[in-house]
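Since the structure comes first, as structure tokens, the remarks are kept for the end.
Residue numbers count from 1 along this sequence.
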Amino acid sequence: NQGQQAQLDTAKAQADTAKAQADAAKAEADRLQAQTAQAQAELDAIKKMIARKDLQPINFKTGSAELLIESHAALNKIGETAKKYPNLKLRVEGHTDSQGDDAYNLNLSQKRADAVRTYLISTGVPAEQAVAAGFGKTRPIASNDTAEGRAQNRRVEFLFFLK
């Protein structure tokens with residue numbers, strides 16, 4: 001009986017340990033999910049500041065991946081946000097309008113995303129935290145039939161996600 005009781009006690013202790021580990025893992029996942037949502041909300045606030053014209057948008061020289069200096073204030077805010085959340089990755093997404101060749105637009109959008117990533121790294125964002133992706137004209141947010149729509153489609157977007 002003592003041997004069986006010892007085995008039962010050991011099994012119960014192992015089950016308790018497994019449950020505690022599962023609870024801790026769930027709590028950590030919940031914490032990271034909440035942190036990701038908070039970081040994304042901070043990016044959305046910066047986006048709203050740009051929409052209200054409190055900050056200049058992120059722009060480049062025409063047909064180029066060279067950032068315009070007035071883009072630095074918004075990028076500095078984005079960099080500060082990224083540095084607050086070192087356990088999250090930040091994806092920089094480059095987009096173009098539909099004007100021009102598909103391959104050219106894809107290449108330009110990647111170069112622009114890379115330029116933004118490089119700038120963010122220069123502000124202290126760790127290189128391994130930021131990734132860049134160019135999507136060319138494949139993800140429009142407005143009609144490419146008007147100048148205003150095309151202007152909206154020429155953009156850089158940011159997304160936090162778990163490493």
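Salt-bridge annotation for K48 and D44: absent, with no side-chain N of the basic residue lying under 4.0 Å from a carboxylate O of the acidic one. Looking at E128 and K89, no side-chain N of the basic residue comes within less than 4.0 Å of a carboxylate O on the acidic one, giving no salt bridge. A salt bridge does not link D97 to K137: none of the charged side-chain nitrogens sits closer than 4.0 Å to a carboxylate oxygen. Salt bridge absent: E80 and K77 never bring a charged side-chain N and a carboxylate O closer than 4.0 Å. Salt-bridge annotation for K26 and E28: absent, with no side-chain N of the basic residue lying under 4.0 Å from a carboxylate O of the acidic one. Note on R150 versus E148: no salt bridge recorded, every NZ/NE/NH1/NH2 to OD/OE distance being 4.0 Å or above.
With hydrophobic clusters built from ILVMFWY side chains whose heavy atoms lie under 4.5 angstrom apart, V131 does not share a cluster with V116. Taking hydrophobic clusters as Ile, Leu, Val, Met, Phe, Trp and Tyr residues chained together by side-chain heavy-atom distances below 4.5 Å, L108 does not share a cluster with V92. L162 is connected to F158 through a chain of hydrophobic side-chain contacts under 4.5 Å among Ile, Leu, Val, Met, Phe, Trp and Tyr, so both are in one cluster. A continuous path of hydrophobic side-chain contacts links V156 to L120 [ILVMFWY only; heavy atoms under 4.5 Å].
Using modelled atom types, one finds no donor on one side chain facing an acceptor on the other under 3.5 Å when comparing N1 with Q5. No side-chain donor from either of E70 and N59 sits under 3.5 Å from a side-chain acceptor of the other.
Atom OG1 of residue T118 and atom NZ of residue K111 lie 12.5 Å apart, to the nearest 0.5 angstrom. Atom CG of L106 and atom CG of D102 lie 8.5 Å apart (nearest 0.5 Å). Note that CZ of R154 is 8.5 Å distant from CD of Q99, once rounded to the nearest 0.5 Å. Interatomic distance, R31 CZ to T36 OG1, rounded to the nearest 0.5 Å: 9.5 Å.
Across all their heavy atoms, P57 and S71 have their closest contact at O-OG, 3.5 Å. Smallest separation of non-hydrogen atoms from T62 and R112: C-NH2, 4.4 Å. When all heavy atoms are compared, the tightest approach of I58 to A74 is CG1-CB, 4.4 Å. When all heavy atoms are compared, the tightest approach of A132 to D114 is CB-OD1, 3.2 Å. Residues A82 and L90 come closest through the heavy atom pair CB-CD2, 4.1 Å. Taking both residues in full, the closest heavy atoms of T81 and A39 are given as CG2-O, 4.1 Å, listed atom of the first, atom of the second, then distance.
For N153 (side chain) and A142 (main-chain N/O), a donor-acceptor pair under 3.5 Å exists by modelled atom type. Without hydrogens or angle criteria, N144 side chain to S98 main chain gives a donor-acceptor distance under 3.5 Å. Q129 contributes a side-chain N or O that, together with a main-chain N or O of Y85, makes up a donor-acceptor pair within less than 3.5 Å. A donor-acceptor distance shorter than 3.5 angstrom exists from the side chain of R117 to the backbone of A127, with no hydrogens or angles considered. Under the 3.5 Å distance criterion, the side-chain polar atoms of S109 are left unmatched by any main-chain donor or acceptor of H95. A donor-acceptor pair under 3.5 Å is absent between the side-chain atoms of T123 and the main chain of N76, judged by distance alone.
Between F60 and E66 there is no side-chain heavy-atom pair separated by less than 4.5 Å. Taking the side chain as every heavy atom from C-beta outward, R139 and R155 approach each other to under 4.5 Å. Under the 4.5 Å side-chain criterion, counting only non-hydrogen atoms from C-beta, Q56 is not in contact with I50. Side-chain contact check for R91 versus E93: some heavy-atom pair is nearer than 4.5 Å. Taking 4.5 Å as the limit, some side-chain heavy atom of H72 sits within range of a side-chain heavy atom of Y119. The closest side-chain heavy-atom distance from F160 to L43 is below 4.5 Å. Residues N105 and Q110 fail the side-chain proximity criterion, which asks for heavy atoms closer than 4.5 Å.
The number of heavy-atom neighbours closer than 6.0 Å to NZ of K83, taken from other residues, nucleotides and ligands shown, is above 12. Counting heavy atoms of neighbouring residues, nucleotides and ligands inside a 6.0 Å radius, atom CD1 of I69 does not exceed 12 of them. Counting non-hydrogen atoms of other residues, nucleotides and ligands closer than 6.0 Å to CD of Q33 gives a total of 12 or fewer.
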